[in-house]
Amino acid sequence: MAGLALFTGFPGFIGRRLVARLLADDPKLRIVALVEQRMVDAAREAAASLDAGDRVEVLPGDIVDRRLGLSDDDYQRLQSGITRAFHLAAIYNLAVPLEMAQRVNVDGTGNVLELCASAKKLERLEHVSTAYVAGVRTGVVYEHELVMGQDFKNHYESTKFQAELWVRQLMDRVPATIYRPAIVVGDSHTGETQKFDGPYYMLRSIALSAQRNMPIAQFGRSEAPFNCVPVDFIVDAMAVGITDAGITGRTLHLVDPDPVTAREVFDILAREYAGRGPAYRVPPRMVETALRMPAVRDAFGGAPGEGIRYLNHPVRFDTRNADDFLARHGLHVPSIHEYAPAMVRFFREHEHDEAYVPA
């Protein structure tokens, strides 16, 4: 893929790792990381840590602006030079206000698409969506589906849906591959993660009970599938994806094809952290009500009530496109049974670190 790649979402959780992998795989690749001004110093520090010389250019800009907040010279340079674009930048907060989510997730995607459509040498856009564009749909969701009349659990889902719709509508002008990850957790080998959210709220609950020598409570609808994947799997899949012309125009569910249930996740994490399983289950509605109280929410590491719905939602994601693609490259999705020890070990080592404790 030697050439010039535009990258949004650096130095984020997935973005930093993916940039490092792309540079390692292709010594001729150069990357322009479009970074909003407040993150420029962090991005330059991250780029320097990759020991990539001058192959990563941190370019101050903003995806919410029509011309990405760039000068005419920089915008035209990208139009004439980029051969690939990676769009990862988004607001992932489940409680994000609609206006902010709309500006970043939807308008930002449209502005990236506008540049890509005018880029003379562009081969493909790699767009990171989410499996949860399925919204409140239940049953089986297929990769080719998008608009199915669904409602959404939050503004994050609805705006990522709108962004993916825009990418699909412009695919005749901007060849693209759409990646739909499930909930992304830490590295399957080291457990390293950027923040403790998603299933880590379960761990906070388990840790609190264990430290107080109390019975462990499982919350959530026990039979509902809970789908999460480690960050290194996402990076591996996207890194090989850029070499695979067969996935141009395709949507890939980067999810666990055989997810464990919410009850099993609790049990796995509880036994790994505390050496014992949950003693009882708290009904989902009671949990959502309790998390509206600041004291309860703070006790569980700032767990948002919105996140509990993902423990109660009976949905499965079909993976036939992803299965074919991953098989071609010798990749598979690790089961949570495989990486739970690393995940819990990292949590235990850092659960009281200032960087991981909500302000």
Side-chain angles (χ1 to χ4, degrees), residues 8-9 12-15 34-39 61-69 87-116 125 127-138 141 145-170 176 178-184 194-198 200-201 227-228 251 284-285 287-294 296-298 300-313 315 317 358-359:
T8 74
F13 180 38
I14 300 173
L34 183 70
V35 178
E36 58 180 313
Q37 189 62 51
R38 68 183 181 87
M39 292 296 295
D62 198 330
I63 63 171
V64 304
D65 293 336
R66 276 294 295 271
R67 290 175 65 84
L68 305 177
H87 182 42
L88 284 73
I91 291 181
Y92 295 95
N93 184 350
L94 299 182
V96 63
L98 177 58
E99 183 179 356
M100 183 181 298
Q102 195 85 33
R103 289 184 67 225
V104 177
N105 296 350
V106 185
D107 294 348
T109 297
N111 294 331
V112 170
L113 283 167
E114 192 168 41
L115 171 64
C116 289
L125 165 67
H127 175 72
V128 176
S129 183
T130 172
Y132 301 100
V133 292
V136 299
R137 292 181 60 192
T138 58
V141 174
E145 297 175 331
L146 181 61
V147 181
M148 303 295 288
Q150 68 266 44
D151 289 323
F152 301 94
K153 296 186 283 297
N154 47 60
H155 299 316
Y156 165 70
E157 290 185 349
S158 66
T159 53
K160 290 295 285 183
F161 166 88
Q162 292 175 66
E164 183 177 322
L165 182 62
W166 208 338
V167 173
R168 286 177 171 232
Q169 288 175 337
L170 285 188
I178 297 170
Y179 302 89
R180 289 182 185 165
I183 297 167
V184 181
Q194 196 170 54
K195 58 183 178 178
F196 292 146
D197 58 3
Y200 294 94
Y201 292 128
N227 211 305
C228 55
T251 298
R285 191 162 295 179
V287 177
E288 290 188 43
T289 300
L291 286 175
R292 295 193 186 103
M293 296 183 283
V296 175
R297 195 164 56 245
D298 291 346
F300 293 102
E306 293 86 353
I308 300 302
R309 299 187 68 181
Y310 292 88
L311 296 176
N312 307 328
H313 190 194
V315 63
F317 303 102

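Side chains included, hydrogens not; waters and symmetry mates left out as well; all remaining heavy atoms used.
Proximity of Y92 to D197: side-chain heavy atoms (C-beta onward) are nowhere separated by under 4.5 Å.
In this structure a side-chain-to-backbone donor-acceptor pair under 3.5 Å is present from N111 to I63. Panel note: side chain S129, backbone I178; no donor-acceptor pair is recorded below 3.5 Å. Listed for the N93 side chain is a donor-acceptor partner under 3.5 Å among the backbone atoms of A95.
Ring geometry for F152 against F161 counts as tilted: the plane angle lies between 30° and 60°, on a 0 to 90° scale.
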Practice task
Walk me through it: do W166 and V112 pass the test side chain to side chain contact (heavy atoms under 4.5 Å, CB included)?
Solution key: CA-CA 11 Å; W166 208 338; V112 170; over 6 Å; no

Practice task
Take N227 and I183, measure what side chain to side chain contact (heavy atoms under 4.5 Å, CB included) needs, and give me the verdict at the end.
Solution key: CA-CA 6 Å; N227 211 305; I183 297 167; over 6 Å; no

Practice task
Could you go through the side chain to side chain contact (heavy atoms under 4.5 Å, CB included) check for H155 and M100 one step at a time?
Solution key: CA-CA 9 Å; H155 299 316; M100 183 181 298; over 6 Å; no

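Atom CE of M39 sits about 12.5 Å away from atom CG of D62, to the nearest 0.5 Å. Here the straight-line distance linking atom CG of L98 with atom CG of N154 works out to 11.0 Å at 0.5 Å rounding. We find the OG1-CG distance between T109 and L165 to be 11.5 Å, quoted to the nearest 0.5 Å.
Applying the 6.0 Å contact sphere to CZ of R137 captures more than 12 heavy atoms from other residues, nucleotides or ligands.
A side chain to side chain contact (heavy atoms under 4.5 Å, CB included) with L125 is found for exactly one of L115, L170, L113, namely L113. Tested against R180, the residues E145, E164, E157 include a single salt bridge (Lys or Arg N to Asp or Glu O under 4.0 Å) partner, E164.
For the pair K153 and Y310, the distance from NZ or CZ to the six-membered ring centre is under 6.0 Å and the angle to the ring normal is within 45 degrees.
Nearest heavy atoms, R168 versus T251: NH2-OG1, 3.1 Å.
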